[in-house]
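Take a look at the structure below.
Atoms within each ligand, like the ligands themselves, are counted from 1 in listed order. In this text, all values refer to a predicted model and were calculated from it rather than measured experimentally. Note: hydrogens, waters and symmetry copies are ignored here, and every other heavy atom, side chains too, is used.
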Amino acid sequence: MWKVLLISLFFISSVATAPSEDGRIRTRRDPQYDVVVSSQRQADCSLALTFIRSDSTNMPKLTVRFDIDQTPAANTHEGEIVLQPGLESETLDWNVPIGWNPPFVVSGVSMLDDPNNVGDFIQVGQIVQHTIPDDGPCVMASAKRDPHMATFDGFRYNFQGTCWYTLVKHCTENPEFEISARFEPLKSNGPEIKSRATAINVTIGDERISLDKDTILVNDQPYWVAQLSDRPRNAHIDVNSDSIVIDIARLKLEVEWDGRKHIFNAAILNPEYHGKVCGLLGNADENPHNDLQKRDGSTTLDIDEFGASWRTPGIRCDY
Ligand SMILES: *[C@@H]1O[C@H](CO)[C@@H](O)[C@H](O)[C@H]1NC(C)=O
């Protein structure tokens, strides 16, 4: 994950001026409520921006108005976020608009409600300027519910396989990684088969991380046991309330799995893999027209034929 530097800060006082009722300018001393920003790239290539109070005094409701500027070009995104009383930080998801390229600079001001003028704000601090670095290109692929597949290059199709299939793997003799998924049929009344992803395996070197609806295995051991022995060695697993994120920093690969909603996202952040992967999610070479490449390397226009070629050999599924 791209944990980004936090800048240390100071708690200082500002001098605020406001016109008094008799028209004279009154000077007041107010505490200053500065805000620090950190950013993190997610498996869907969006950025999680966290706004953190730099002080911990009495925690009033703080409204933060921010700008995200692309440098040196002139793209600007304006936004507002409210830190509720007592809350130290708030995170929002920002989808980087197409054509925008980092670095970005986040700046802005923090404001309190004006007690004398309902609906107005008084500026009480600012965002300690934060730069979102250029982490290189991010390409994303996903498999959702039915499953609706979107390759790294943006080709979309519906896939109704059943059993285990390769979603994406390093396309060489000795692959550095492989991600496969199990698709299971949904009960249906009609003749049409609908399936959805119910488990994924992420293999990195000699380790296999297996996720389904509610278990995490590392080389077939439940994850809590595995943790005691410092595993997995090749990845970092983050368990969130609704999804599990596997961060493979060494390969610059990020995988997100929501087993209850059957949603899978992956981001390849390492340009060396672009065009060098294969599977149901395509080759990540930025061309969506050559994504239907079968396991034997030949291409097809037939989704069923393409899909069938990526079925994992040697595993039986009894559905
Ligand atoms: C995925 O992992 C599970 C649990 O370790 C295993 O039973 C299954 O066979 C694996 N699937 C593939 C395709 O390797």
Next item on the list: For salt bridge (Lys or Arg N to Asp or Glu O under 4.0 Å), just list the numbers for Arg231 and Glu207, CA-CA rounded to whole Å, side-chain angles, deciding distance to a tenth of an Å, and then say yes or no.
Entry: CA-CA 9 Å; Arg231 283 191 296 168; Glu207 279 181 317; 5.1 Å; no
Checklist line | Step-by-step side-chain hydrogen bond (donor to acceptor under 3.5 Å, both in side chains) determination, Glu178 to Thr203 | finding: CA-CA 5 Å; Glu178 170 153 3; Thr203 307; over 6 Å; no
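In this structure, Phe51 and Phe66 have tilted ring planes: the angle between them lies in the 30° to 60° band.
The protein heavy atom nearest to atom 12 (C) of ligand 1 is Asn201 ND2, 3.3 Å.
For ligand 1 and Ile315, the ligand atoms under 4.0 Å from any heavy atom of the residue are 9 (O), 11 (N), 12 (C), 13 (C). Interface atoms of ligand 1 facing Asp220, defined by a heavy-atom separation under 4.0 Å, are 4 (C), 5 (O).
Between Ser180 and ligand 1, not a single N/O pair is under 3.5 Å apart.
Proximity of Arg182 to ligand 1, defined as any heavy-atom pair under 4.0 Å, is not found for any part of the residue.
Using a 4.0 Å cut-off between charged nitrogen and carboxylate oxygen, Asp220 and Arg208 count as a salt-bridge pair.
Counting only heavy atoms from C-beta outward, the side chains of Tyr157 and Asp291 never approach each other to under 4.5 Å.
Inside a 4.0 Å radius of atom 7 (O) of ligand 1 there is not any protein heavy atom.
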